[in-house]
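Since the structure comes first, as structure tokens, the remarks are kept for the end.
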Number of protein chains: 2
Amino acid sequence: MVAQTRTSACSECPIRHRAVCAECGTDDLAVLEMAKSYKTYPAGTRLASEGQPLMHFSSFVAGAATMSRMLEDGRRQTVGLLMASDFIGRPGRAVSAYDVEALSEVTLCRFERRTFETLVKRTPAIAARMLTMTLDELDAARELAVILGRMTAREKVAAFLVSMVRRLALIDGAEVPTDEVTFKLPLSRDQIADHLGLTIETTSRQFTALRKEGLIDLPGGRSVRIPDFQRLTLETGEDDDGGPLD
Amino acid sequence: MVAQTRTSACSECPIRHRAVCAECGTDDLAVLEMAKSYKTYPAGTRLASEGQPLMHFSSFVAGAATMSRMLEDGRRQTVGLLMASDFIGRPGRAVSAYDVEALSEVTLCRFERRTFETLVKRTPAIAARMLTMTLDELDAARELAVILGRMTAREKVAAFLVSMVRRLALIDGAEVPTDEVTFKLPLSRDQIADHLGLTIETTSRQFTALRKEGLIDLPGGRSVRIPDFQRLTLETGEDDDGGPLD
DNA sequence: GGACCGCATTGATACAGGTCAACACGCACT
DNA sequence: AGTGCGTGTTGACCTGTATCAATGCGGTCC
């Protein structure tokens, strides 16, 4: 089982792990191996800036970051939360369209942009993996549009918590919980507000309101306990069945 | 020049035109040719429904449609405007995540889903073209998130008009205008409101306000004349340079 | 012509969320 | 213990947008 050996040998890098190991020939694996480099950044690092050149295509191995755009007068909107297996940059674009800031210590698996473009062209499995990842990000961005465009502040916060739980479960490879969960938010109230198109005050008030109604528990230090996950899901206004669509 | 002959022979279908003709071998072209079928639908047709099976992967040849999600209580958010070269469906997903409704008469180039999945796997150029299209849609979805999350009603309407002009220019293969433009909106005020996360009344009021300030002209019948496109751009709050990033 | 209908506009009022301001809490540093 | 600072919470008030309601306007059908 050659594929398995490879899988375990490169589990840190989502690109290599998911796109290449299982499906690719040895040659491309070797090229990929030579091309990639790991790099770790402390929390708070600006990993990319809007309008600035972006020399690498990078994939998240560990840690989390926000991807955001700032308007002229300082209003900021976060358009995506980047976590394990998400990526920064895109083939064919030399300039970042967004600011990317590390929320925690972040480890990236990086490829020099030109090299990666060649790899995508030459290696069908990498292109296929890129396509799947991009389609998933597209779904996430559209979900966010629904939240931003049509939900109330309360629903936004509930939807955010629900999506965080689902996201963290996905990364852990665990099942999405049906009843009780406890986890730690990687974002400050400020950063949550920027993600939900709210102010920090409104965000804080909604957390408090949900707590007072027993939908969540806030033991302190950005921890959240959700006693009944299903019930919280109902607060988002979505007529969602809860299951993935694939 | 074989490629050119092919290009002119299949100009109606973006998938075939852009992804295959220029880059693919004859075999895959032949398969694609056999697999595709054109179909035209009248304005108002529901082309897909959230939660319903979607048997085809389709690409827009002509016409426009909205892609939207409805919440339990009837609130609707449009997450994308589909126009020539955009697509409905995704490889690997049998159920539509959104409602798609034709705004005008629409011609689609359709592939049976399974067939298309095979084609994507087998034909690198199709996968590459899909990836580019998906990355573009991802950018569009994130732009929308910025608009929905952080712009005022006035800015939203201005940004919508600006993006419509850019979009229409792209489809025509024309330059984005720097001064005067006139065009016809393919959306009703209602549909614009659902796209911008506003009510129809607020949307109408902002159109009126922009008209009163001479930023736009409304000759009637969904036509819009913009006397100074650059000036309108300034109303969106974006510190955009106006140029594409690629 | 008149009645109707879908779409757009305009006005009056209500309210969700923004703004401004004070205060609380935890934590590092001295 | 005391100070300072970053982060979060809460309160009072204000404003932009939603809501409710009326009117206009261009079609089309009888």
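Chain letters run A, B, ... following the sequence lines, proteins first, then strands; residues in each count from 1.
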Rounded distance (Å) that lies between atom P of C:dA16 and atom CZ of B:R75:
13 Å

Side-chain N or O of B:S188 versus OP1/OP2 of C:dG6: is the shortest distance under 4.0 Å?
no

Within this structure, what is the CG-CD1 distance for the pair A:D228 and A:I216, rounded to the nearest 0.5 Å?
13.5 Å

Please determine which of B:D194, B:V100, B:T78 meets the side chain to side chain contact (heavy atoms under 4.5 Å, CB included) test together with B:T66.
B:T78

Protein-nucleotide distance (A:R189, atom CZ; C:dA24, atom P), rounded to Å:
19 Å

A:D190 CG to C:dG18 P, straight-line distance once rounded to whole Å:
13 Å

Check this for me: does any side-chain nitrogen of one of B:R150 and B:E155 sit under 4.0 Å from a carboxylate oxygen of the other?
no

How many Å lie between CG on B:L103 and P on C:dC7, as a whole number?
12 Å

Find every protein N or O atom lying less than 3.5 Å from an N or O atom of nucleotides 19-22 of chain C, and list the pairs.
unit_1	atom_1	unit_2	atom_2	d
C:dT19	O4	A:R205	NH2	2.9
C:dC20	N4	A:E201	OE2	2.9

Pick the closest DNA chain D nucleotide for A:R150 and for A:T203 by heavy atoms, then say which residue is nearer the 5' end.
A:T203

Checking all strands, does A:R154 fall into the base, sugar-phosphate, or nothing category for heavy-atom contacts under 4.0 angstrom?
nothing

Can you find a side-chain donor-acceptor pair between B:T107 and B:T40 that sits under 3.5 Å?
yes

What is the distance from NZ of B:K184 to P of C:dC7, rounded to the nearest Å?
13 Å

Under a 4.0 Å N-O cut-off, is there an ion pair linking B:R211 with B:D217?
no

Calculate the interatomic distance between B:L185 atom CG and C:dC7 atom C1'; express it in whole Å.
14 Å

Considering residues at least two apart in sequence or located in another chain, which fulfil the side chain to side chain contact (heavy atoms under 4.5 Å, CB included) criterion with B:E180?
B:T182, B:R225

Start and end of chain A contact along DNA chain D [non-hydrogen atoms, under 4.0 Å]:
D:dT7 to D:dA12

A:Q191 meets the side chain to side chain donor-acceptor pair (under 3.5 Å) criterion, sequence neighbours left out, with A:S188

From CG of A:L196 across to C1' of C:dA16 the rounded distance in Å is 16 Å

Taking the six-membered ring of A:F57 as reference, does the NZ or CZ atom of A:R110 fall below 6.0 Å from its centre and within a 45° cone about the axis?
no

Atom CG in B:L170, atom CG in B:D136: separation rounded to 0.5 Å?
8.5 Å

Just report the end-to-end axis angle for the helix from C:dG1-D:dC30 to C:dT30-D:dA1, five pairs per end, to 10 degrees.
30°

When the distance from CE of A:M151 to C1' of C:dG17 is rounded to whole Å, what number comes out?
17 Å

Quick check, are the ring centers of A:F60 and A:F87 under 6.0 angstrom apart?
no

Among side-chain atoms of A:S68 and A:R76, is any donor-acceptor pair under 3.5 angstrom?
yes

Contact class for A:T208 vs. all strands (heavy atom < 4.0 Å): base, sugar-phosphate, or nothing?
sugar-phosphate

A:R154: what forms a salt bridge (charged side-chain N to carboxylate O under 4.0 Å, His left out) with it, not counting sequence neighbours?
A:E213, A:E235

When we call it a touch if two heavy atoms are under 4.0 Å apart, what does B:R222 touch: a base, just sugar-phosphate, or nothing?
sugar-phosphate

